[in-house]
Amino acid sequence: PAKVVSEIEHSLKMQLIISTLIMTPGAWLAVTAFLPDEFTLPTAASSEPLVVKSWYMFVTVCSGLWGGLLIGLQTEYFTSNRYAPVQDVADACRTGAATDIIFGLT
């Protein structure tokens, strides 16, 4: 856990990475333990039911997990004051608001 404010960002990043790494095999265990290998779902689009394999659910969950991780890491890069994009915009703010707006548009 973070003891001081400067450690919060790193703690949040590590929680995101660790939870993704733990949930990936956890999702596989849940899919294999609680879902049948194959099942059918009724669809409104056609009269034939949709055949779904259990590993489809695993891929869906993992897509969300890993997509969320990538979005979180990219968001951190573009919004954290530790990285160059935010530092460059902050430097542009020192000369005035107009410079900052122009810099932000480029």
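What you are looking at is a predicted structure, and each value in this text was computed from that prediction instead of being measured.
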Would you say the side-chain atoms of [X] pair up with the backbone N or O of [Y], donor to acceptor, closer than 3.5 Å?
| X | Y | result |
| --- | --- | --- |
| T99 | C93 | no |
| E76 | G72 | no |
| S19 | L16 | yes |

Could you grab the distance from atom [atom1] of [X] to atom [atom2] of [Y], nearest 0.5 Å is fine?
| X | Y | atom1 | atom2 | answer |
| --- | --- | --- | --- | --- |
| L69 | T20 | CG | OG1 | 4.5 Å |
| I102 | T95 | CD1 | OG1 | 9.0 Å |
| D37 | T32 | CG | OG1 | 9.5 Å |
| Q15 | H10 | CD | NE2 | 10.5 Å |
| T79 | Q74 | OG1 | CD | 10.0 Å |
| K13 | I18 | NZ | CD1 | 12.0 Å |

ILVMFWY cluster, [X] and [Y] together (side-chain gap under 4.5 Å):
| X | Y | answer |
| --- | --- | --- |
| L50 | F58 | yes |
| L21 | V59 | no |
| W28 | V61 | no |

Cut-off 3.5 Å, side chains only: do E9 and S80 have a donor facing an acceptor?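 Result is yes, a qualifying pair exists.
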Is any side-chain heavy atom of [Y] closer than 4.5 Å to one of [X]?
| X | Y | value |
| --- | --- | --- |
| V52 | E38 | no |
| T24 | W66 | yes |
| M57 | F34 | no |
| T43 | S46 | yes |

Give the minimum heavy-atom separation between V31 and S54, together with the two atoms involved.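 Looking at all heavy atoms of both residues, the closest pair is CG1-O, 3.3 Å.
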Shortest non-hydrogen contact between Y56 and V51, atoms and distance: CE1-O, 4.1 Å
Return the orientation label for the Y77 and Y83 ring planes: parallel under 30°, perpendicular over 60°, tilted otherwise.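 The arrangement is tilted - the two ring planes meet at 30° to 60°.
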